[in-house]
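What follows is one structure encoded as structure tokens, with my remarks underneath.
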There are 2 protein chains.
Amino acid sequence: MNIFKLLKKNKLFYNFEDKEINKIFDCLHGHINKYSRGRVVAEIGQPVEEIGILLTGAAVKFIKKPNGELENCGEIFAGDMFGEVEAYTGDRTFNSSVVIAEEATVLYISVATIVKQCSNNCPCHQKLLENTLSCLAERIDTMGVDAKYLKIKSMRGKISKLFYDKYLAQGTETIHLGFNRNEMAEYLNVSRPSMSREMIAMREDGIIKFRKDEIVILNVDELQRLANEAR
Amino acid sequence: MNIFKLLKKNKLFYNFEDKEINKIFDCLHGHINKYSRGRVVAEIGQPVEEIGILLTGAAVKFIKKPNGELENCGEIFAGDMFGEVEAYTGDRTFNSSVVIAEEATVLYISVATIVKQCSNNCPCHQKLLENTLSCLAERIDTMGVDAKYLKIKSMRGKISKLFYDKYLAQGTETIHLGFNRNEMAEYLNVSRPSMSREMIAMREDGIIKFRKDEIVILNVDELQRLANEAR
DNA sequence: TAGTGTTTGTATCTTAAGCTACAAACATCA
DNA sequence: TGATGTTTGTAGCTTAAGATACAAACACTA
């Protein structure tokens, strides 16, 4: 496995050179641990001193419900990280536990050293800081977009907004969703049959046609209208 | 008006001393502008070079819909800021326009100087950076919580989760909402009458009683169950 | 304390979307 | 090419929540 390649995919190390990544180990107190399945690598309420980046394997995040039950709240794969938000919040404690699901290697970097300029005054430090800021800011953007879909009440509105946004992003009348009906329904937070029903109604209305992951917009104006009116 | 007091309320300047705030002006290239109603102080698509902090007055944020129409997407009052997220995203351009609604004074601080250590190596710079990170991270947290309510499908689930969360936060069976029915309905993204109806049903079921902004939880266990089961 | 505005409660009706369960289409691979 | 698993479409029923419109309670102040 190539650590350099993997890390460069991680947003924190965007724009890093190999030699800069090497500095992680002294500059940011980087170290790598290996864990087997079931190992708890982060625990709710514990202070976040390091950010963990999964180099191999997989892990699952859990939040604790007030009655003590644990609830799965997401998965982490190679290239993903944990603690990168909590590290900067008020109490700096994990708000979810992370449990290794498949034998994994984790690279840790120290939070304290990210925010402080290091004595070597190295540019990689500066970059990491900027990347951290971007990483957080972009997350806010994404969450804002996601919330928009959730707030739209009508099925047709949700679908239209989603398709129209994809249309704007992809620039062609033929768009690709990037997920199947189940995933799309889950993203929009609706039931798949209801969504399917409405998509077919939209096809009957001549707005779209589709086949699997590929959607063709037949009436852009109407779709735009629906997307804009949606609430 | 006391700039110091106001700025210390702003999250970016949390923990700042008066004398450190004074440094803003040379260290962060701070400067103050005064605007009258109608003035556009940020425009969608334009690069964000500074973060604006409203010292007095009020402003409105607009996003541009694809058909060109502008849509109100939030208000800004004294102590609030704009550009503090976009400043760090990929293209670093405003994604909403900001228009002054009431004669306002705005303090600007340079983004470029926030992320770079300044030549004076002043601690205020360091603090500002940490505050910026907190500010963004906490926003992510908040948005995550907000999205949770949106994702719950049943009315009773939404209400229960909200009340239960407030109960956990406030620690007493008598909780205060901090908003009226309209605002609460808007936050949960439901219609007020439907919400009212369900609150009354919950009262009839002996789970809560209420009067205006004050809610008393009569059956904590049941409320907890509802909040946990909610989806 | 009357008068106005706001917030909250109530009623009725309608409909969109959820759920379940099944059928059809498609993909994959031996 | 048949067998199996997955994804997508279809149907019918039920119900929760939306919309609207009005009434009651309350708050403010003149």
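To find a chain, count down the sequence lines: A is the first, B the second, and so on, and within it residues start at 1.
Among the atoms of the strands shown, only primed sugar atoms or phosphate atoms (P, OP1, OP2) are found under 4.0 Å from some heavy atom of Phe210(B).
Contact check of residues 190-202 of chain A against DNA chain C (heavy atom, cut-off under 4.0 Å) returns Val190(A), Ser191(A), Pro193(A), Ser194(A), Arg197(A).
By the neighbour-count criterion of 12 heavy atoms within 6.0 Å, atom OH of Tyr14(B) is sparsely surrounded, having that number or fewer from other residues, nucleotides or ligands. Remark: Lys11(A) NZ is loosely packed, at most 12 non-hydrogen atoms of other residues, nucleotides or ligands lying under 6.0 Å away.
Ion pair Asp165(B)/Lys161(B) flagged as a salt bridge, since at least one NZ, NE, NH1 or NH2 atom sits closer than 4.0 Å to an Asp/Glu carboxylate oxygen.
The 5' end of DNA chain C is approached more closely, in terms of each residue's nearest nucleotide, by Asp213(B) than by the other of Asp213(B) and Ser154(A). Heavy-atom nearest nucleotides on DNA chain D were determined for Lys153(A) and for Lys212(A), and the one closer to the 5' end corresponds to Lys212(A).
The terminal axes of the helix from dT1(C)-dA30(D) to dA30(C)-dT1(D), fitted over 5 pairs per end, subtend an angle of 40° to the nearest 10°.
For the residue pair Tyr149(A)/Asn189(A), the side-chain donor-acceptor check at 3.5 Å is not satisfied.
When rounded to the nearest whole Å, the span between CG of Asn180(B) and P of dG5(C) equals 18 Å. Whole-Å rounding puts the Leu226(B) CG to dA16(D) C1' distance at 15 Å. What separates CE of Met184(A) from P of dT8(D) is a distance of 11 Å, to the nearest Å. If you measure from atom CD1 of Ile152(B) to atom C1' of dA16(D), you get 16 Å, rounded to the nearest angstrom. Remark: C1' of dA17(C) and CG of Asn189(A) are 12 Å apart, rounded to the nearest angstrom. Going from atom CG of Leu188(A) over to atom P of dA17(C) covers 12 Å, rounded to whole Å. One atom, CZ of Phe179(A), and another, C1' of dT6(D), lie 19 Å apart when rounded to the nearest Å. Summarising the geometry, the separation between CD on Glu186(A) and P on dT7(D) is reported as 13 Å, rounded to the nearest angstrom.
Tested against Glu198(B), the residues Arg203(B), Arg156(B), Lys158(B) include a single side-chain hydrogen bond (donor to acceptor under 3.5 Å, both in side chains) partner, Arg156(B).
Taking the six-membered ring where the residue is Trp, Phe94(A) and Phe82(A) present tilted rings, their angle falling between 30° and 60°. Below 30°, between 30° and 60°, or above 60°: for Tyr187(A) and Phe179(A) the angle between ring planes is between 30° and 60°, a tilted geometry.
Annotation: cation-pi geometry not satisfied between Lys9(A) and Phe77(A) (NZ/CZ under 6.0 angstrom from ring centroid, within 45° of ring axis).
Rounding to the nearest 0.5 angstrom, the gap separating the CD1 atom in Ile76(B) from the CE atom in Met81(B) is 10.0 Å.
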